[in-house]
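Working notes, structure below.
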Amino acid sequence: MATCAEADCEDEAAVRVYVPWAEDREVCTAHARVLVQQDGVVAEPLEGVEWR
């Protein structure tokens, strides 16, 4: 499984976030929660990832 794309995070990526002003990336659930609070950011769960 892939790890979170955010710097210094070793958690498993579970969500792909689509960010209008930056590159789309796969992140852990904690980072996804923070990112989707910004206008225009959309989150999509990755297939095959077991949610905790």
Side-chain angles (χ1 to χ4, degrees):
M1 292 291 166
T3 58
C4 181
E6 295 298 304
D8 298 325
C9 184
E10 297 296 324
D11 291 340
E12 179 182 354
V15 179
R16 176 173 289 121
V17 289
Y18 299 96
V19 183
W21 58 88
E23 222 175 285
D24 300 339
R25 55 194 180 267
E26 295 180 355
V27 297
C28 66
T29 54
H31 281 110
R33 279 188 219 108
V34 173
L35 290 167
V36 298
Q37 293 181 31
Q38 300 175 47
D39 285 339
V41 176
V42 177
E44 175 183 26
L46 295 176
E47 289 185 32
V49 175
E50 189 173 321
W51 289 78
R52 298 181 228 158

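Nearest approach of Glu12 to Val49, heavy atoms of both residues: OE2-CG1, 3.7 Å. The heavy-atom pair separating Val19 from Arg25 by the smallest distance is CG2-NH1, 4.0 Å. Shown here for Cys4 and Cys28, the closest heavy-atom pair between the two residues is SG-N, 3.4 Å.
In the hydrophobic cluster analysis, where Ile, Leu, Val, Met, Phe, Trp and Tyr join through side-chain heavy atoms closer than 4.5 angstrom, Trp21 is grouped apart from Val34.
Side-chain contact between His31 and Asp11 is absent, with no heavy-atom pair separated by less than 4.5 Å. Put simply, the side chain of Val36 does not reach to within 4.5 Å of the side chain of Tyr18, judged on heavy atoms.
Separation of atoms CG (Leu46) and CD (Glu44) is listed at 7.5 Å; rounding is to 0.5 Å.
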